Amino acid sequence: FCGANISFVEPVGTDNCPNATTTRSGRAPNTTFPVGTSNLMYSVVEGRLPGLTTSCSFTVTVNDNEAPVLACPSNLVVSTSAGQCTGVAQYTLPVATDNCGTVSTAGPSAPRSYSLGTTTINYTATDSVQLSTVCFMNITVMDAEKPRLTCPTIGPFVATSGCSTLVGFGWPTVSDNCGVGGVSQLSGPSNQTSVSVGNWTVAFEVVDNSGNAANCSVGFVVQDNNLPQITCPNDVVVNSSVVACSQTVVYAAPVGTQSCSSPTTRQTAGQESNTVFGVGVVNQTFVVTDFLGRSAQCSFGVTVLDAAPPQITCPATVQLNTRSGLCSAIAVFGLATAADNCQQHVSMSHTGVVNGTAIDKGTYSVVFTATDGKAPFLSSSCSTSINVRDLEAPVLSCPGIISVAAAAGQCSANVSFSVSASDNCQVYNITQLQGLANNSAFPVGTTAMTFSAFDSSGNQAQCNFSVVVTDSQLPLITCPTSLTSNSAVGFCGRNVTYTAATVSDNCGVVNRTLLSGPPSGSFVGVGTSAVVYHVMDQAGNVQTCWFSITIND
């Protein structure tokens, strides 16, 4: 602040009479007093009229002991101006401040030129009471400008002895804004030395007094008067691969030569060795160029011939079945497919069976031929088989159930029958698997008959029937004649013995049974008794007979 807070005890007036009043003229205590001298006066007035007044006064002096505030810019580094050994310093001049206002600043102006190196400058600020502040800054001027170096022109030269010649050249010219040191050669052939054929570069360097370096380089050539040469191999002819319209071709790539240098060889047309060449002719051109741009070239041809016929694939073997009731089938088969390594149009033909026509049972061969569409019209063939199979079984006809009666007095009957077979191709044979032969005597009962037929393809059919011979003939039974006898003495009857009834049958008697009447050898009472016999054969036919036994008393 440009002042100070002042505290003091204010004077208070007194009077022999009451009600005296004290007044102040000036600043109150505990307030800010400005720099300089301030006058204060206090008065006391008695309380009665007219009041008598008594005054006292004193001064308050505030001194300014605070120097101005001044800050210089930071140290500054500048480069020399182009082509000059001085640099211009540009910065904002420092501005001073003071607690009490007015302040003056003295020091160098800006912008301003300074010599190479470091210069220390100062600025001084002075306030109204002559209090002052000084600040300092360094201004450094650096030489960042490279020296200027101009290389001489050298050559060209021509080799005069063998493959080299003596080469001489001048020294570069130099200049700098602040002065330079010496020039040195960094690389390249030395002056007045023998240099061989080729392109060469000489590099120089100069360093100024501030350590800034500049370089320059200059190229020159020592020429070889002999032109480059190159020789190509003979034309190359190869066959294509089987699966591709191309072939990998390996040839010896030519390399150019020159008497005194190593020229550059490059291929300008065609393909590199050990790469895939398509069918056709590819011209190969190689150019050799020396370092002066002089060139020579040679050419040869690479020919790939299409030596691969089309790749043909036949359809799989075709299995066909004969049509119902016929010994043939309609030929239906797919066509062969073919692909050519060079994607040419491929024509297809075949010999043998014609698609869609009827073919008999058997095995047929169809040969397909694929031919490409460009000379020499290479072709390839394959074949497939068509098998016509007969899976149709023969038709075997058996009679129905044959029922006959046994011949009179016989337990069998002669039976004749007919079994026939047919087939779409050919019946191989008919075989009886079960039963009796035709026109055989078939016994009473049921005889199972089974026949089988095979055709020429081994297909089988079977049929069955039964021959039933029935026995309807009654068995024969003969009873003894009736008996008459007297009772035994002392008995009312007697024991009677008789011969049992006799029986016979064409197929055999099953049993003979006494149905009623006394058995033979039993006691028969007085009177007439009937004896009845029953006979049954194996077919269930029944016959009876009877006789009587009379006992008289």
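All residue numbers refer to positions in the sequence shown, counting from 1. Note that the structure is a prediction, hence the values are computed from the model and not measured.
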May I ask you to check whether over 12 heavy atoms, not counting those of [X], lie within 6.0 Å of atom [atom1]?
X: F58; atom1: CZ; answer: yes
X: M41; atom1: CE; answer: no
X: N234; atom1: CG; answer: no
X: Q192; atom1: CD; answer: yes

Separation between [atom1] of [X] and [atom2] of [Y], rounded to the nearest 0.5 Å:
X: T32; Y: F1; atom1: OG1; atom2: CZ; answer: 7.5 Å
X: I312; Y: F368; atom1: CD1; atom2: CZ; answer: 7.5 Å
X: C327; Y: D360; atom1: SG; atom2: CG; answer: 6.0 Å
X: I6; Y: T61; atom1: CD1; atom2: OG1; answer: 9.5 Å

| message | Less than 3.5 Å apart, any donor N or O on the side chain of S132 or T126 sitting next to an acceptor on the other? | response |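 No - no donor-acceptor pair under 3.5 Å links their side chains.
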Acceptor/donor pairs from residues 249-258 side chains to any protein atom, 3.5 angstrom cut, sequence neighbours excluded:
from: Y251; atom 1: OH; to: Q267; atom 2: NE2; distance (Å): 3.4
from: Y251; atom 1: OH; to: Q271; atom 2: O; distance (Å): 2.4
from: Y251; atom 1: OH; to: S273; atom 2: N; distance (Å): 3.3
from: Y251; atom 1: OH; to: Q284; atom 2: NE2; distance (Å): 2.8
from: Q258; atom 1: OE1; to: S261; atom 2: OG; distance (Å): 2.6
from: Q258; atom 1: NE2; to: N226; atom 2: O; distance (Å): 2.5
from: Q258; atom 1: NE2; to: D290; atom 2: OD2; distance (Å): 2.9

| query | What salt bridge (Lys or Arg N to Asp or Glu O under 4.0 Å) pairs are there with at least one residue in residues 23-33, not counting sequence neighbours? | reply |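 Matches after skipping sequence neighbours: E10-R24.
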| field | Where at least one partner belongs to residues 209-220, residue pairs that pass side-chain hydrogen bond (donor to acceptor under 3.5 Å, both in side chains), sequence neighbours excluded | value |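 Qualifying pairs, neighbours excluded: D143-S210, D208-N212.
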| Result of checking V202, V167, T201, I154 against P189 for side-chain contact (heavy atoms from CB on, under 4.5 Å) |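 Among V202, V167, T201, I154, the one meeting side-chain contact (heavy atoms from CB on, under 4.5 Å) with P189 is V202.
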| request: Indicate the ring-plane relationship of F220 and F157, choosing parallel, tilted or perpendicular according to the 30° and 60° boundaries. | output: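 It falls in the perpendicular class, over 60°.
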